[in-house]
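Reckoned from all heavy atoms, side chains included, excluding hydrogens, waters and symmetry mates.
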Amino acid sequence: LGRQVCTVLDALRAAGAPALLAGDLNSLPPGDDPRRLGNAAVLYADAETPIQPLYDALDVVFPRETPAYTYVPWGSNRPDRTIDYLFGTGVEVLESEVLTEGARWSDHLPIRTVIRIPEPSAVSLQL
């Protein structure tokens, strides 16, 4: 995952334009202690979260506050961790929320986000 994160950051730097990066990154956010997940902690055994470089280089669009859990473990009806993310460059976040009714059809709750992308001439990015 660390190499994938570096590859993505390199591509965003090369593009030099507003960008969104969204997905299931299978990594807990910085500061989240995997031990709280019991047996599932083994899935997040890295000493530090491999997505820390994304937090350092990009704007966090989601989760904007912690906790904002999106993953519902099998056999449960409540989310217990954040592994789904939305990062951006050159965008303004207007709204962002987890849609809890999504648990009926997936183990990942949907995220609804409203952003504003500036006019191309107004964009200035530094990564």
- Message: Can you tell me which residue among Asp80, Leu43, Asp32 is in a side-chain contact (heavy atoms from CB on, under 4.5 Å) with Leu37?
- Response: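 Among Asp80, Leu43, Asp32, the one that satisfies the side-chain contact (heavy atoms from CB on, under 4.5 Å) with Leu37 is Asp80.
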
Hey, does the side chain of [X] reach the backbone of [Y] with a donor-acceptor pair shorter than 3.5 angstrom?
X: Thr49; Y: Pro29; value: no
X: Tyr71; Y: Asn26; value: no
X: Thr82; Y: Ala68; value: yes
X: Thr7; Y: Arg3; value: yes

Should [X] and [Y] be regarded as members of a common hydrophobic cluster, given that ILVMFWY residues are connected when their side-chain heavy atoms come within less than 4.5 Å of each other, either directly or indirectly?
X: Ile117; Y: Ile111; answer: yes
X: Leu28; Y: Leu1; answer: no
X: Leu25; Y: Leu9; answer: yes
X: Tyr69; Y: Val72; answer: no

Nearest heavy-atom neighbours spanning [X] and [Y]:
X: Tyr55; Y: Pro30; answer: CE1-CD, 3.3 Å
X: Leu86; Y: Thr113; answer: CD2-OG1, 3.6 Å
X: Val93; Y: Ile115; answer: CA-CG2, 4.3 Å
X: Val5; Y: Pro50; answer: CG2-O, 3.7 Å
X: Arg64; Y: Ser96; answer: CD-CB, 4.4 Å
X: Pro79; Y: Leu109; answer: CG-CD1, 3.7 Å

- Message: Within the structure provided, determine whether Asp107 and Pro73 are in side-chain contact (heavy-atom separation under 4.5 Å).
- Response: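 Asp107 vs Pro73: side chains apart.
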
- Task: Would you mind reporting whether Gln4 and Val8 have side-chain heavy atoms less than 4.5 Å apart?
- Result: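 The answer is no; the side chains never approach within 4.5 Å.
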
Rounded to the nearest 0.5 Å, how far does [atom2] of [Y] lie from [atom1] of [X]?
X: Leu21; Y: Asp59; atom1: CG; atom2: CG; answer: 12.0 Å
X: Thr89; Y: Arg13; atom1: OG1; atom2: CZ; answer: 11.0 Å
X: Gln52; Y: Leu54; atom1: CD; atom2: CG; answer: 9.0 Å

- Does a salt bridge link Arg36 with Asp33, judged by any charged N lying under 4.0 Å from a carboxylate O?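 No salt bridge links Arg36 with Asp33.
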
- Query: Is the ring centre of Phe62 less than 6.0 Å from the ring centre of Phe87?
  - Reply: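 That pair fails the under 6.0 Å test.
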
- Message: Taking side-chain contact (heavy atoms from CB on, under 4.5 Å) as the definition, give me every residue that meets it alongside Val114, ordered by chain and number, with sequence neighbours left out.
- Response: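 Only Leu94, Glu95, Arg112 meet the side-chain contact (heavy atoms from CB on, under 4.5 Å) criterion with Val114.
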
- Query: Are side-chain N/O atoms of Arg81 and Tyr44 paired as donor and acceptor at under 3.5 Å?
  - Reply: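 The criterion, which ignores hydrogens and geometry beyond distance, is satisfied for Tyr44 and Arg81.
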
